[in-house]
Amino acid sequence: MSGTFSAESRLIHAGTARVPAQPAAPPLVPASIYVSEGAPRRDRGYGRDGNPGWEALEEALGGLEDAAAVAFASGQAASMALMLTLARGRDRIVLPADGYYGARVLAGKLRPHGAVPVHVDLQDLAAVARALKAAPSVLWAETPTNPLLRIADLAGLAEAAAAADAPMVVDNTTATSMLQRPLDWGAAASLYSLTKAISGHSDVIAGAVVSRDTELLNDLRAWRSSGGGIPGPFEAWLALRGLKTLPLRIARQSDSALAIAGHLAGHRHVRAVHYPGTESSGLAIARQQMPNGFGPLLSFEVDPAGAGTAQQAADRVVASARLILPATSFGGVESTWERRARWPGETAPEGLIRLSVGVEPAADLIADIDQALNTIEVP
């Protein structure tokens, strides 16, 4: 079907066998062993090497970027395999100063093995180029960043990476491949936490890497098998089921998030709103890289207006919601929010609330946000 139908249509049918009297749904295969004799098959020698459920998920996910995918037990497992593979023979990993803190922690753990993490503002292309040229490097990009939703210029980053002979990885979890295709902009690999919008139902932890580099994909599969960072068959089945509705969910979530960001921009108890679709220095680039929407994630900083500290005000707002669930993670069908700086190692401002917009009607979410924000009043 690859030459005839869209990636969105193909993912609906990924893993389905068009055989009379056979199930129309992809099978769940909880197998740890396979019948095997003679020379073992690479993908069917043992349960840690392959599973039909992984393959269906990888087919669907890779197809969205005209590439191939490798599924992992989590986004962090995928990140570790990428770092271990690409940092070999390189001295540093250049990361965004304001990106996902889990990647910063993981890169720090590689430091004793020779890969030094270097944190740079990815919007400063000159600084990125200097950091990459200072020593053999890997560029670990993220756009939009989590939790400040800053936009990096993928074309500019790819140019700097190519000039330094540095492979570029893009954490595309926030945008997903429905809204942004990093491989088209020069990335060696796109990284995903499937836990977020791709699975979309807050019921699975999984990750994946998507690439067009056959050698890199083979190395990642080897790390997955040797290190044991494999997804369970049920987790892969759930992730694939969620992925099939991603185009519908992400469109509604993006529309609602844009409406909510616009509403918050004029609220008396909000001092700053962070969302790629709002007027900012990165809006023009965001429109080029994300032409179909800006995703479900936004953040905003509360203005306590004299009613305690920003931290106290943000905590009060989060606790006062009646519809929005206080929880971490993002991309699920239910809306969630949290004061992001409550996590150790996070660089977010103390009064910043990260909001993941679900598929509830935007009017209901705005009403819930307003009543929660209105709990901030001067005594």
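Since we're looking at a predicted model, the values are computed, not measured.
Put simply, the side chain of Leu297 does not reach to within 4.5 Å of the side chain of Lys196, judged on heavy atoms. Here the side chains of Pro276 and Gln289 are not in contact, with every heavy-atom distance at 4.5 Å or above. With a 4.5 Å cut-off on side-chain heavy atoms, Leu64 and Met178 count as touching. Using a 4.5 Å heavy-atom threshold, the side chains of Val116 and Asp91 count as separate. Between Val120 and Pro96 there is no side-chain heavy-atom pair separated by less than 4.5 Å. Arg150 has its side chain within reach of Asp121: a pair of non-hydrogen atoms, C-beta onward, lies under 4.5 Å apart. Using a 4.5 Å heavy-atom cutoff, the side chains of Val302 and Arg316 are not in contact. Using a 4.5 Å heavy-atom threshold, the side chains of Gln253 and Val359 count as touching.
Counting only distance, with no hydrogens or angles, the side chain of Thr176 and the backbone of Ile198 share no donor-acceptor pair below 3.5 Å. For the pair Glu334 (side chain) and Leu325 (backbone), a donor-acceptor distance under 3.5 Å is absent. Here the side chain of Glu58 pairs a donor or acceptor atom with the backbone of Ala71 at under 3.5 angstrom. For the pair Trp54 (side chain) and Pro231 (backbone), a donor-acceptor distance under 3.5 Å is present. Side-chain N or O atoms of Glu65 include none that pairs as donor or acceptor with a backbone N or O of Arg212 at under 3.5 Å. Side-chain atoms of Thr145 never come within 3.5 Å of backbone atoms of Gly99 as a donor-acceptor pair (strictly under, hydrogens ignored). Side-chain atoms of Arg10 come within 3.5 Å of backbone N or O of Phe5 as a donor-acceptor pair.
Checking Asp49 against Ser225 by side-chain atom types alone, a donor-acceptor pair falls below 3.5 Å. Side-chain contact annotation: Arg354 with Asn146, donor-acceptor N/O pair under 3.5 Å present. Donor-acceptor pairing under 3.5 Å is lacking for the side chains of Glu350 and Thr309. A side-chain donor from one of Thr173 and Asp171 sits under 3.5 Å from a side-chain acceptor of the other.
In this view, Asn51 satisfies the side chain to side chain donor-acceptor pair (under 3.5 Å) rule with no residue, not counting sequence neighbours. For Ala259, there are no side-chain contact (heavy atoms from CB on, under 4.5 Å) partners two or more places apart in sequence or in a different chain. Annotation: side chain to side chain donor-acceptor pair (under 3.5 Å) contacts of Thr336 (sequence neighbours excluded): none.
Heavy atoms from other residues, nucleotides or ligands lying under 6.0 Å from CD1 of Ile205 number 12 at most. Counting heavy atoms of neighbouring residues, nucleotides and ligands inside a 6.0 Å radius, atom CG of Asp165 does not exceed 12 of them. Atom CD of Gln311 sits in a crowded spot, with more than 12 heavy atoms from other residues, nucleotides or ligands closer than 6.0 Å. For Arg287, the CZ atom sits in a loose shell: 12 or fewer heavy atoms of surrounding residues, nucleotides or ligands are nearer than 6.0 Å.
Salt-bridge formation is detected for the pair Arg181/Asp66: a Lys NZ or Arg NE/NH1/NH2 atom is positioned less than 4.0 Å from an Asp or Glu carboxylate oxygen.
Considering CD1 of Ile250 and CG of Asn292, their distance stands at 11.0 Å, rounded to 0.5 Å. Interatomic distance, CD1 of Ile230 versus CZ of Arg224, reported as 8.0 Å (0.5 Å rounding). Atoms CD1 and CG, on Ile376 and Asp303 in that order, are 8.0 Å from each other to the nearest 0.5 Å. Between Glu55 atom CD and Leu240 atom CG the span is 12.0 Å, to the nearest 0.5 Å. Between Ser299 atom OG and Arg340 atom CZ the span is 10.5 Å, to the nearest 0.5 Å. Atom OG of residue Ser177 and atom CG of residue Leu243 lie 7.0 Å apart, to the nearest 0.5 angstrom.
Taking a 4.5 Å side-chain heavy-atom cut-off between Ile, Leu, Val, Met, Phe, Trp and Tyr, the cluster of Tyr101 extends to Tyr100, Val105, Trp343. Other residues sharing a hydrophobic cluster with Leu86 under the 4.5 Å side-chain heavy-atom criterion for ILVMFWY residues are Val70, Phe72, Met80, Leu82, Met83, Leu84, Ile93, Leu95, Leu106, Leu110, Val138, Trp140, Val169, Leu191, Val209, Leu216, Leu217, Leu220, Trp223.
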What do the steps show when you test Arg88 against Asp219 for side chain to side chain contact (heavy atoms under 4.5 Å, CB included), and what is the final call? CA-CA 11 Å; Arg88 186 172 58 238; Asp219 284 345; 3.5 Å; yes
Evaluate Ile285 against Thr143 for side chain to side chain contact (heavy atoms under 4.5 Å, CB included), listing each step before the verdict. CA-CA 11 Å; Ile285 296 173; Thr143 180; over 6 Å; no
Pair Glu159, Leu125 - check side chain to side chain contact (heavy atoms under 4.5 Å, CB included), show working. CA-CA 10 Å; Glu159 183 177 351; Leu125 292 177; over 6 Å; no
Stepwise side chain to side chain contact (heavy atoms under 4.5 Å, CB included) test for Leu298 and Leu264: CA-CA 11 Å; Leu298 64 95; Leu264 288 171; 4.0 Å; yes
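Residue pairs meeting the side chain to side chain donor-acceptor pair (under 3.5 Å) criterion with at least one member in residues 232-245, sequence neighbours excluded, are Thr245-Arg249.
Shown here for Gly89 and Pro136, the closest heavy-atom pair between the two residues is O-CB, 4.2 Å. Minimum interatomic distance between Gly228 and Arg48 (heavy atoms only, all atoms of both residues): CA-CD, 4.0 Å.
Classification of the Trp337-Phe300 ring pair by plane angle, with boundaries at 30° and 60°, yields tilted.
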